[in-house]
Amino acid sequence: MCRLPAGSGRAVSHRRDDERRRRYYGAGALSPAVAAVFALLAIIVLAAGREGRTDPSLAAGAGLVLGVCILGVSLLWATTVPTSLVLGLTESTLIEQHRWAVVAAAVPIPLGAVWFAVGLDLF
C-alpha cells in the first residue's frame, strides 16, 4: 500500500495555484510588473524633485510621463488578458474586477505628478 506524506496534497495545490498566478500575470501584452517598476521609479523621481535633489520641474515632467506610461501599461495588460484565464483562477467573482482595480490604482500617479507641477506653477 502506497501512502502519501502528510500535507503533500496541499503542496500540489499550492504549486498549481502558483502556476495559475504566473499565467495570469504573464498573460497580456505586457506584465503588470513593468507598471510596478515604473511606479517605484516615479516615486523616487517625484521625491527627489520635492526634496530639491533634482530640478523640481524636471521631476514633475518625468513623473507625469512615467505616470502616463504606468496607466498605459496597466490598461494594455487589463484589456489583453484573456477572460477565460481570469475566470479559471478561482470560483470567486471578485477576481474579475482585479484587472480594473490595477488600472484604478495607476490613476493617482499621473494625477499626483500634475498636482506637483501645478504647485510649481508649471501649468
Side-chain angles (χ1 to χ4, degrees):
M1 179 171 179
C2 179
R3 298 187 100 193
L4 292 174
S8 64
R10 197 175 316 141
V12 171
S13 175
H14 286 299
R15 275 187 252 130
R16 194 176 310 127
D17 289 344
D18 289 345
E19 179 60 33
R20 287 180 184 162
R21 277 190 219 103
R22 261 188 247 115
R23 279 189 288 143
Y24 175 62
Y25 288 112
L30 287 172
S31 171
V34 173
V37 170
F38 283 170
L40 182 61
L41 184 60
I43 289 169
I44 293 168
V45 166
L46 290 171
R50 187 189 66 155
E51 295 297 318
R53 294 189 180 109
T54 302
D55 179 33
S57 60
L58 179 67
L64 181 59
V65 168
L66 283 168
V68 169
C69 287
I70 293 164
L71 189 58
V73 166
S74 60
L75 191 59
L76 182 66
W77 173 73
T79 56
T80 57
V81 170
T83 307
S84 61
L85 183 62
V86 174
L87 297 176
L89 285 174
T90 181
E91 293 179 15
S92 173
T93 58
L94 285 176
I95 194 69
E96 293 178 41
Q97 306 307 319
H98 176 260
R99 299 177 292 166
W100 308 115
V102 170
V103 174
V107 170
I109 299 169
L111 292 179
V114 167
W115 185 19
F116 184 49
V118 167
L120 295 172
D121 291 327
L122 296 176
F123 284 113

Between [X] and [Y], is there a shared hydrophobic cluster once you connect ILVMFWY residues whose side-chain heavy atoms come closer than 4.5 Å?
X: L46; Y: L122; value: yes
X: V103; Y: L40; value: no
X: L64; Y: V118; value: yes

Using atom types as modelled and distance alone, determine if a side-chain donor or acceptor of R53 lies under 3.5 Å from a backbone N or O of A48. no

Looking only at atom types and distance, does a side-chain atom of T54 sit under 3.5 Å from a main-chain N or O of A59, one as donor and one as acceptor? no

Does some side-chain heavy atom of W100 sit less than 4.5 Å from a side-chain heavy atom of L75? yes

Is the shortest heavy-atom distance from the side chain of W115 to the side chain of L111 under 4.5 Å? no

Taking all non-hydrogen atoms of both residues into account, name the closest pair between [X] and [Y] and its distance.
X: G63; Y: V45; answer: N-CG1, 4.3 Å
X: F116; Y: G49; answer: CZ-C, 3.8 Å
X: R99; Y: W77; answer: CA-CZ3, 4.0 Å

Approximate separation, where rounding is to 0.5 Å, of [X] [atom1] and [Y] [atom2]:
X: L120; Y: L58; atom1: CG; atom2: CG; answer: 11.5 Å
X: L71; Y: L76; atom1: CG; atom2: CG; answer: 11.0 Å
X: S74; Y: I109; atom1: OG; atom2: CD1; answer: 8.5 Å

